[in-house]
Colleague: 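Have a look at this one before I ask anything.
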Amino acid sequence: MKIYDTLRGEKVDFKPVHEGRVGIYVCGPTTYDYAHVGHARVAIMFDIFRRFLEYTGYDVVYVSNITDIDDKIINKAKERGEEPIKMAHRYAEEYMKDMKSLRVREPNIVPRATRHIDEIIKLVQTLVEKGYAYQSGGDVYFSVSKFKDYGKLSHRSIEEMIAGARVEVSDKKREPLDFALWKAAKPGEPSWPSPWGSGRPGWHIECSAMSMNYLGSTIDIHGGGADLIFPHHENEIAQSEAATGKVFANYWMHVGLVRFEKEKMSKSLGNVFYVRELLKKYRPEVIRIMFINSHYRKPFDFSLKNLEDSKIILEKIWSAYTDFKKGKKCNYCDLCHEYEEKIISALKDDFNTRKAMMHYLQFISEAREKNLGVCAAEFMEKMDNILDILPKEFGKSMENELIDLIVEIRNKLRKERKYDLSDWIRNSLAKMGIKVEDEAQRTKWIRIR
RNA sequence: GGGCAGGUGGCAGAGCGGUUAUGCGCGGGACUGCAGAUCCCGUCAACUCGGGUUCGAAUCCCGACCUGCCCUCCA
């Protein structure tokens, strides 16, 4: 398997630290607002990546954190007169709900910064003891110039960064690029006791502490949005490797940013689309397909057209799936083996989901051509362990039975040539997201919303 | 100013040295009460520009131009 590693800047062979096992840490959100499409892309892509690793036989430990203490949280809470940690936890719950709606499987561990203050303090202490960090007032800063590899992830030298100006000046810092590991508490802010007085963690330290706590000092894969490369991940490397003397992460995977009308989608630009808003109009599978249909590293241009296109693809897939499911029995499926091989090898090449999807669609049309039945549906179900885009509501429910009944009534009307009424029923169902399709012998319907 | 990622047909988006993906769209046909799904046929002089390497480049090298991101909080 090959993965593009941001640090080395090229596709490289993947070898886990321990044979057969993979430890992944993905930076999750700072929870001071609802999840938007950008969060969704990272979560969905790593969800599918993780399922893929499991599919190929790896034992995966997937950790994705929630940062629940931070300047942004404090500021927003202040604005709204709320208690910061409480607010952060409320948004964290909402985030988890949104991800669940998107069929993102919950990571094995979802650690929160405020529950790992001890580990954070210990890590800061180690850095102070080793001379990489210094106390200044109630703050503790990391001394960037002491870490010779600083800039290796974002491919920049310290000089370049200083030349780039725009560095925050502070009389508390010895050098402008130094960053806070621990911040002294201001009145009214959440704080914890520490050797440097009461305070709270800086932004980057929590991920280092939690990653090492759950996955060890060297993990296999560390991931997140591309906007975290600098400074977040760069700083994580510096503080972690300074503390342990070991490589922090063997592979760095970054998901390209989501853009809207050629601009980055971000809260500061005010052009965000919230997951929950999208889910009112589109099924989660549509959103999953939309992202599967792009390469994870490339910037993604979000648009309504893109969503609509994905919806059409989903309908195509569902339609084929229901046809196969009702088709004839077929035990052996050479085509399935052939396409499984194609799909998996596409994913093994730097997780090329776009290419995998192309094979998946090609499989559908070839399976139709060859008149395959149940075994084709079974193959799609097998692949669904990775993709999770097939309909899951086949079971009996009052709702399904009622729809069956309505469809049956409509067919009786059609036999009586009462087409006005039967067309009206079909249109009405369509408005509810139920697509009715008449075939020679029977009528099928699928819920597309 | 520096770093990174890109610039492919009407659109989205693969391919990364030789066989012109795929999906959507568009035109025509079969099927159908109609629609849809499906199938068949067709369609659009596609590879930002300029050099170079090569028997051969969208694919490799050099140089321009353009776009986005990062260098301040952001997934």
Side-chain angles (χ1 to χ4, degrees), chain A residues 4 6 9 11 26-30 32-33 35-46 64 67 70-73 75 95 151 153-157 159-168 177 203 223-232 234 254-259 262-269 272 289-290 293-295 297-301 303 305-306 308-313 315-320 322-323 346 349 352-362 364-365 368-369 414-415 417-420 422-423 426-427 430 435-440 443-446:
Chain A
Y4 181 93
T6 307
K11 271 193 219 174
V26 172
C27 288
T30 300
Y32 63 102
D33 198 359
H36 63 249
V37 186
H39 296 111
R41 165 127 108 145
V42 172
I44 289 173
M45 291 325 273
F46 277 106
S64 186
T67 297
D70 172 86
D71 289 358
K72 293 183 295 294
I73 292 172
N75 292 338
Y95 174 81
L153 181 70
S154 48
H155 308 284
R156 274 182 281 234
S157 66
E159 297 77 62
E160 277 167 8
M161 287 184 243
I162 292 171
R166 295 210 297 189
V167 197
E168 192 189 331
L177 253 36
W203 175 34
D227 53 350
L228 295 181
I229 295 171
F230 192 91
H232 187 60
E234 193 69 71
H254 293 280
V255 176
L257 298 183
V258 175
R259 303 188 299 202
K262 291 283 170 196
E263 261 187 337
K264 172 188 173 182
M265 181 179 296
S266 80
K267 290 166 201 168
S268 39
L269 288 170
V272 294
I289 284 179
M290 181 174 80
N293 253 332
S294 70
H295 190 100
R297 272 193 289 127
K298 287 197 173 177
F300 182 84
D301 284 303
S303 67
K305 186 177 183 301
N306 224 320
E308 288 297 327
D309 284 356
S310 308
K311 189 176 158 189
I312 288 165
I313 293 169
E315 284 172 22
K316 207 184 169 86
I317 292 169
W318 282 21
S319 175
T322 43
D323 285 347
D349 181 16
N352 195 336
T353 54
R354 182 63 153 104
K355 200 172 176 186
M357 182 50 80
M358 158 198 127
H359 291 310
Y360 187 81
L361 295 173
Q362 235 161 17
I364 287 175
S365 53
R368 290 204 110 113
E369 204 176 301
R414 285 175 64 221
K415 275 198 189 114
R417 306 194 155 267
K418 294 185 175 160
Y419 295 122
D420 282 359
S422 69
D423 286 354
R426 184 172 60 198
N427 287 337
K435 202 164 160 184
V436 177
E437 296 171 358
D438 296 318
E439 285 171 350
T443 298
K444 74 174 178 189
W445 60 267
I446 46 174

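Naming: A, B, ... by sequence-line order, numbering from 1 per chain.
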Colleague: Hunt down the Watson-Crick or G-U wobble partner of B:rC47, both distances under 3.5 Å, from any strand shown, or write none.
Modeller: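 Across all strands, not a single nucleotide pairs with B:rC47.
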Colleague: With both distances under 3.5 angstrom, what nucleotide forms a Watson-Crick or G-U wobble pair with B:rG68?
Modeller: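 Partner of B:rG68: B:rC4.
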Colleague: Would you mind pulling out the nucleotide paired to B:rA57, Watson-Crick or G-U wobble, both distances under 3.5 Å?
Modeller: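 When the pairing criteria are applied, nothing turns out to pair with B:rA57, so the answer is none.
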Colleague: Mind checking whether A:Trp318 and A:Lys316 have side chains closer than 4.5 Å, heavy atoms only?
Modeller: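 No, every pair of side-chain atoms sits at 4.5 Å or beyond.
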Colleague: Going by the rule salt bridge (charged side-chain N to carboxylate O under 4.0 Å, His left out), which residues pair with A:Asp349 if we only count those two or more places apart in sequence or in a different chain?
Modeller: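 For A:Asp349 the salt bridge (charged side-chain N to carboxylate O under 4.0 Å, His left out) partners, ignoring immediate neighbours, are A:Lys11.
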Colleague: Any side-chain to backbone donor/acceptor pair from A:His39 onto A:His36? Under 3.5 Å, distance only.
Modeller: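 Here the side-chain-to-backbone pair exists.
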Colleague: What integer distance in Å separates A:Ile289:CD1 from B:rC24:P?
Modeller: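 The distance from CD1 of A:Ile289 to P of B:rC24 comes to 12 Å, rounded to the nearest Å.
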Colleague: Between B:rC66 and B:rU48, how far apart are the two P atoms, rounded to whole Å?
Modeller: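 Roughly 16 Å separates the two P atoms.
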Colleague: Distance check, P atoms only: B:rC16 and B:rG7, in whole angstrom units.
Modeller: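 Between the two P atoms, the distance is 13 Å.
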Colleague: Between A:Thr353 and A:Ser294, is there a donor-acceptor pair closer than 3.5 Å when you use the side chain of the first and the backbone of the second?
Modeller: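 Yes; judged by distance alone, with no hydrogens or angles, the pair exists.
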Colleague: Which comes earlier along RNA chain B counting from the 5' end, the contact point of A:Ile364 or that of A:Gly225, where each point is its nearest nucleotide?
Modeller: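 The residue closer to the strand's 5' end, by nearest nucleotide, is A:Ile364.
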Colleague: Separation of A:Leu177 atom CG from B:rU72 atom C1', in whole Å?
Modeller: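 Atom CG in A:Leu177 sits about 12 Å away from atom C1' in B:rU72.
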Colleague: Can you tell me which nucleotide in B:rG23, B:rC70, B:rA75 comes closest to the side chain of A:Leu361?
Modeller: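 Out of B:rG23, B:rC70, B:rA75, the nucleotide with an atom closest to A:Leu361's side chain is B:rG23.
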Colleague: For the side chain of A:Asn306 and the backbone of A:Asp301, is there at least one donor-acceptor N/O pair under 3.5 Å apart?
Modeller: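 Checked: pair present.
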Colleague: When the distance from NZ of A:Lys72 to P of B:rU72 is rounded to whole Å, what number comes out?
Modeller: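 Rounded to whole Å, this separation is 14 Å.
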Colleague: Determine, for nucleotides 4-17 of chain B in 5'-to-3' order, which nucleotides have protein heavy atoms under 4.0 Å from the base (write B), from only the sugar-phosphate (write S), or from neither (write -).
Modeller: -SS----SBSSS--
Colleague: Are the side chain of A:Arg41 and the backbone N or O of A:Gly256 linked by a donor-acceptor pair below 3.5 Å?
Modeller: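 Side chain of A:Arg41 to backbone of A:Gly256, a donor-acceptor pair under 3.5 Å: yes, one is there.
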Colleague: B:rC49 and B:rA58: how far apart are their C1' atoms, nearest whole angstrom?
Modeller: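 Per the computed distance, 14 Å lies between those C1' atoms.
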Colleague: Rounded to whole angstrom, note down the C1' distance from B:rC69 over to B:rC11.
Modeller: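 B:rC69 and B:rC11 have their C1' atoms separated by 24 Å.
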Colleague: Just compare B:rG23, B:rC73, B:rU22 and give me whichever is closest to any side-chain atom of A:Trp203.
Modeller: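 Taking heavy atoms from C-beta onward, the closest nucleotide is B:rC73.
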Colleague: Send over the distance from A:Asp33 CG to B:rC74 P, rounded to a whole Å.
Modeller: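 Whole-Å distance recorded here is 14 Å.
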Colleague: Can you give one letter per nucleotide of nucleotides 25-38 of chain B, 5' to 3': B if a protein heavy atom sits under 4.0 Å from the base, S if only from the sugar-phosphate, - if neither?
Modeller: --------BBBBSS
Colleague: What is the pairing partner of B:rA21, taking Watson-Crick or G-U wobble pairs with both distances under 3.5 Å in any strand?
Modeller: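 The base-pairing partner of B:rA21, which may sit in any strand shown, does not exist here.
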Colleague: Considering every strand shown, what is the Watson-Crick or G-U wobble mate of B:rG13 when both distances are under 3.5 Å?
Modeller: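 Pairing partner: none.
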Colleague: For A:Leu228 and B:rU72, give me the distance from atom CG to atom C1', rounded to whole Å.
Modeller: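 In whole Å, B:rU72 C1' and A:Leu228 CG are 14 Å from each other.
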Colleague: For B:rC44 and B:rA21, measure between their P atoms and round to the nearest Å.
Modeller: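 These two P atoms come out 14 Å apart once rounded.
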Colleague: Does a side-chain heavy-atom distance below 4.5 Å link A:Gln362 with A:Met358?
Modeller: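 Result yes, sub-4.5 Å side-chain heavy-atom pair found.
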Colleague: Quick one: does A:Ser154's side chain have a donor or acceptor within less than 3.5 Å of a partner on A:Ile229's backbone?
Modeller: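 Absent.
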Colleague: Have a look at A:Val258 and say if it touches a base, only the backbone sugar-phosphate, or nothing, with a 4.0 Å heavy-atom cut-off.
Modeller: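 If one applies the 4.0 Å heavy-atom cut-off, A:Val258 turns out to touch a base.
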Colleague: Determine whether a donor-acceptor pair (N or O, by modelled atom type, separation under 3.5 Å) exists between the side chain of A:Arg297 and the backbone of A:Val255.
Modeller: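 Judged by distance alone, no pair lies under 3.5 Å.
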Colleague: What integer number of Å spans the P atoms of B:rG10 and B:rG6?
Modeller: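 Looking at atom P only, B:rG10 and B:rG6 are 24 Å apart.
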Colleague: Mapping A:Met357 and A:Asp70 onto RNA chain B by nearest heavy atom, which one lands closer to the 5' end?
Modeller: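 The residue closer to the strand's 5' end, by nearest nucleotide, is A:Met357.
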Colleague: Determine whether a donor-acceptor pair (N or O, by modelled atom type, separation under 3.5 Å) exists between the side chain of A:His155 and the backbone of A:Thr6.
Modeller: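 Checking the backbone N and O of A:Thr6 against the side chain of A:His155, a donor-acceptor pair under 3.5 Å is found.
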Colleague: Would you check if the side chain of A:Glu234 reaches a backbone N or O of A:Leu153 as a donor-acceptor pair within less than 3.5 Å?
Modeller: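 Pair found, side chain donor or acceptor close to backbone of A:Leu153.
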Colleague: Using the P atoms only, state how far B:rU19 lies from B:rC24, rounded to an integer number of Å.
Modeller: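 About 26 Å, rounded to a whole number of Å.
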Colleague: Return the pairing partner of B:rU38 with a 3.5 Å limit on both distances, Watson-Crick or G-U wobble; otherwise return none.
Modeller: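 Looking at the geometry, B:rU38 pairs with B:rA30.
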Colleague: Rounded to whole angstrom, note down the P distance from B:rG51 over to B:rG17.
Modeller: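 Looking at atom P only, B:rG51 and B:rG17 are 24 Å apart.
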